[in-house]
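Here is the structure we will look at.
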Number of protein chains: 2
Amino acid sequence: MTSKQNTQQKILDAAEKLFAETGFSATSLRQITSMAEVNLASVNYHFGSKKELIQAVLQRYLSLLMPRLDQEFTQLLASQHHNDLGKVLSVFVIPLLELNKVQNRGTTLFLQLLGRGYTDVQGHLRWFFNHHYGRTLDKFVLLVQQSCPALPASEIFWRLHFSLGTIVFTMASNEALKDIAAADFNEIVEIDGVIKRLIPYLAAGIAAPMQTAG
Amino acid sequence: MTSKQNTQQKILDAAEKLFAETGFSATSLRQITSMAEVNLASVNYHFGSKKELIQAVLQRYLSLLMPRLDQEFTQLLASQHHNDLGKVLSVFVIPLLELNKVQNRGTTLFLQLLGRGYTDVQGHLRWFFNHHYGRTLDKFVLLVQQSCPALPASEIFWRLHFSLGTIVFTMASNEALKDIAAADFNEIVEIDGVIKRLIPYLAAGIAAPMQTAG
DNA sequence: GTACATTTCAAACACTTGTTTAAATATACC
DNA sequence: GGTATATTTAAACAAGTGTTTGAAATGTAC
């Protein structure tokens, strides 16, 4: 019994590290099993396929993060105050940083995985996410709409996707950006620093005034 | 002589289409040569390797775009007026849209390829771009710094990378976003519409006020 | 029209991929 | 302890990858 959990755990740990570093498609099962020091066939034995392994790796974080976010969104929606956009976005900070409790560098790893999920073309991931967490996402979109009553829904749609791009790309290239910042500006930036830098940028972008003339 | 150019052209056309759709790594030479209706070996004969084919595909657009951008940047830097950030960013619009003259949907294809270049881990592309067009990029960064004198250089560094993420991600998922916008909001958005939507978002994000308290 | 260079082509190369198989081993339960 | 179940293992599988080969075909020039 302990050996089974051990093997699954070892595979998940190695997989998430390699997936975050080099993407899902570019990471082979042989790399994973070799880093986890388990037999190649054990991935298919325990998870069924590579696809299901990818989903399991993400699910470890999503099952913790999404209920917390859902709770926060529900709370904000229930309060009768006007919710400032900066406040709505700040809701993400603490739940994201608490992923570090799952394991070392959990927040960074999860956000990198999220980025890979969008840049790798893994159709099954989009379905997987919408199927499990679509409701939570809807609440968030509603909150943003309430905090930006001047913007039409379609404009918010576009700007939220622009923002998703910012997050995903930043996290996917997070390591490189940190290195450059350290070399060029003598700045040591950790993941929470990046997240807090992102908030004002995203808030300003999402709430930007509409262009008047085409 | 004509057949040689014909084959090269056919390969480039098919390659850029497939690369834009599914990324560099995920596109095989057999897919390319089959769509181009040429022999598999002709890629290696005409371009040497897959890497060099990728570079050739990008170079077809970059060699047209970058000198134009460089010229615009130089002009703006020479003028003694203060350059509004929106104005600086708008410099991209016309040169980008003129890529449509290279070929049908040239702008979209190029921007998607750019996105792929960052999301696929193609180290040689980053080197290739910096080596050929690093100088032009420096001029752009200088212009942004001049238009946002209140922001420290390190903050501008981060925000420009946030913006790069927005662009790259938006273009990589451009087709999907267009479809959703059409289905959910009855909106038909072409590439120039996306570009013009991006400008105010990016301008507001880059010029956002600094966060006062940590 | 012969001689030379360029280009095309089918076939094979060496290698990597995810997955499956069947035997060997470990674990749990009676 | 013996039996059944769960897990690990090495090996092979079929399919796909970029690249190379050498001969055939085509084009060019004198």
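The chains referred to below are lettered A, B, ... by the order of the sequence lines, with proteins before strands, and numbering in each begins at 1.
For A:Y45, taking side-chain heavy atoms from C-beta onward, the closest of the listed nucleotides C:dT6, D:dA6, C:dT19 is D:dA6.
B:S28 has a side-chain polar atom (N or O) that falls below the 4.0 Å cut-off from OP1 or OP2 of D:dT17. For C:dT8, the OP1/OP2 oxygens have a side-chain nitrogen or oxygen of B:T7 closer than 4.0 Å. Within the 4.0 Å cut-off from OP1 or OP2 of D:dT8, at least one side-chain nitrogen or oxygen of A:H46 is found.
For A:K50, the NZ atom sits in a packed shell: over 12 heavy atoms of surrounding residues, nucleotides or ligands are nearer than 6.0 Å.
Distance check: B:L65 CG to B:Y133 OH gives 8.5 Å after rounding to the nearest 0.5 Å. The distance from the CD atom of A:E190 to the CD1 atom of A:I195 is 11.0 Å, given to the nearest 0.5 Å.
Note: CG (A:L18) to P (C:dT17) measures 12 Å, nearest angstrom. Counting to the nearest Å, the P atom of C:dT17 and the NZ atom of A:K50 are 9 Å from each other. Whole-Å rounding puts the B:I32 CD1 to D:dT17 C1' distance at 12 Å. For the pair B:R30 CZ and D:dT17 C1', the computed distance is 6 Å after rounding to whole Å. The separation between B:F47 atom CZ and C:dT7 atom P is 12 Å, rounded to whole Å. The interatomic distance linking A:I54 (CD1) with C:dG18 (C1') rounds to 12 Å, in whole Å. At whole-Å resolution of the value, CD in A:Q8 and C1' in D:dT8 are 14 Å apart. One interatomic measurement links the two molecules: CD1 of B:I11 to C1' of C:dT8, which rounds to 11 Å at whole-angstrom precision.
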Identify all side-chain donor-acceptor contacts of residues 32-42 of chain B below 3.5 Å with residues at least two apart in sequence or on another chain.
{"residue": "B:T33", "atom": "OG1", "partner": "B:L29", "partner atom": "O", "Å": "3.0"}
{"residue": "B:T33", "atom": "OG1", "partner": "B:R30", "partner atom": "O", "Å": "3.3"}
{"residue": "B:N39", "atom": "OD1", "partner": "B:A41", "partner atom": "N", "Å": "2.9"}
{"residue": "B:S42", "atom": "OG", "partner": "B:N39", "partner atom": "O", "Å": "2.4"}

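A:R159 places a side-chain N or O within donor-acceptor distance of the main-chain N or O of A:A208, the cut-off being under 3.5 Å. Checked by atom type and distance alone, the side chain of B:R105 never pairs as donor or acceptor with a backbone atom of B:F110 at under 3.5 Å.
Between B:Y61 and B:L109 there is a side-chain heavy-atom pair separated by less than 4.5 Å.
Across all strands shown, A:T27 has heavy atoms under 4.0 Å from sugar-phosphate atoms exclusively, and none from any base.
Comparing the local axis fitted to the first five base pairs of the helix from C:dG1-D:dC30 to C:dC30-D:dG1 with the one fitted to its last five gives a bend of 10°, rounded to 10°.
Checked for salt-bridge contact, A:K10 and A:E16 miss the test: no charged N lies under 4.0 Å from a carboxylate O.
Listed by residue number, the members of residues 36-44 of chain B with any heavy atom below 4.0 angstrom from DNA chain D are B:L40, B:A41, B:N44.
Contact record, B:S163 with B:L202: CB-CD2, 3.7 Å, taken as the closest heavy-atom pair.
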